[in-house]
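What's counted below: heavy atoms across the whole structure, side chains too, no hydrogens, waters or symmetry copies.
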Amino acid sequence: MKVNIIQPYYSMDYKDVDKCFNEYVKFLDKCDKSADVIVLPEYSDVPVSTPNEKEFKKCIRKYNKTIMNKAVETAKRCNAIVFVNCAYKTETGYRNTTHAIDRSGKIVGRYFKAHPAPSEVKTAKEGGNELDVSYMKTYKPYIVEIEGIRFGFMTCYDFYFYEDYIKLARENVDIIIGCSHQRTDTHEALEIIGKFLSYNTNAYLVRSAVSLGKKSKICGSSMVVAPNGEMILNMKSKIGIGKAKIDPKKKYLKPAGFKGAPKAHWQYVDEGRKMITKKAK
């Protein structure tokens, strides 16, 4: 399976909004039929830093329909599975949403960010963007199965809730789609988190983020990580399309403890967890 990750430039100047959004469209147009999976970053309809909630919502109204139509068009043209993160409007407001689009251009799943960041939850008066979080309850993994491949999701702030990794692993996920920003983390930190996630879930991580500029040491790091923790691709602050080839069904098994039978890391840990829970009763 061939993967294309789009990592565009993200400006801190709101005046660059049209220029930055046009780059998203340009990169989608550059994708071709060699790609099986195409992933875009978080908030593809808000391509720059916005000064306030008003301008944030203005971006959504201006670009949301265009980026969704372009993603669907790209899926059909490239015969690829496309994942695009942009706002989804419900009766209770906008939600941070990753849309899964199959090769025919049909939307086959929508993942609502499990852990919206404080900046998304806060009201406009508090300096936030007032997104709809009415759906938030106890974390439950969301899985979309396409062509026999089980896709799971982590969006930006979700990556920091390590206690959820085991829940995702138990769903026997093959690929984790990570549409992200994470604008304050270093490349090294993002790499640690990505490897930790893949190793603990025995799944490939395909993460798309944005670049703060070619010389930036933070943000970026769109990546592909294998189940054994191998970093297959790390774009760091490069702007463009990252490409990698993976086998979604190739898992990493290791001895489950000394002289133990081969198991995924999460299965080995779960075995001990269940024994402790059983004895505690």
Which donor-acceptor pairs under 3.5 Å do side chains of residues 139-146 form with protein atoms, sequence neighbours excluded?
residue, atom, partner, partner atom, Å
Tyr142, OH, Arg110, N, 3.1
Glu145, OE1, Arg150, NH1, 3.3

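With salt bridges taken as basic N to acidic carboxylate O contacts below 4.0 Å, none links Lys19 and Glu23. At a threshold of 4.0 Å, the pair Glu120-Lys113 counts as salt-bridged, since one of the basic side-chain nitrogens sits closer than that to a carboxylate oxygen. A salt bridge links Arg95 with Asp132; the closest basic N to acidic carboxylate O contact falls under 4.0 Å. Taking 4.0 Å as the cut-off between side-chain N and carboxylate O, Asp29 and Lys70 count as a salt-bridged pair. The residues Glu271 and Lys263 are annotated as salt-bridged, a charged nitrogen and a carboxylate oxygen being separated by less than 4.0 angstrom.
Between Phe112 and Tyr88, the angle of the ring planes stays under 30°, which puts this pair in the parallel group of the 30/60° scheme. Using cut-offs of 30° and 60° on the angle between ring planes, the pair Tyr199 and Tyr252 is tilted.
In this structure, the side chain of Tyr9 does not engage the main chain of Cys20 through any donor-acceptor pair within 3.5 Å.
Heavy-atom neighbours of Lys106 NZ from other residues, nucleotides or ligands within 6.0 Å: at or below the threshold of 12. For Lys236, the NZ atom sits in a loose shell: 12 or fewer heavy atoms of surrounding residues, nucleotides or ligands are nearer than 6.0 Å.
Residues Val210 and His181 have side chains in contact (heavy-atom distance under 4.5 Å, counting atoms from C-beta outward). Looking only at side-chain heavy atoms (C-beta outward), Asp18 and Lys62 come within less than 4.5 Å of each other.
Contacts classified as ring-ring contact (aromatic ring centres under 6.0 Å, His included) and involving residues 42-76 (residues at least two apart or in different chains) are given here: Phe21-Tyr63, Tyr43-Phe56.
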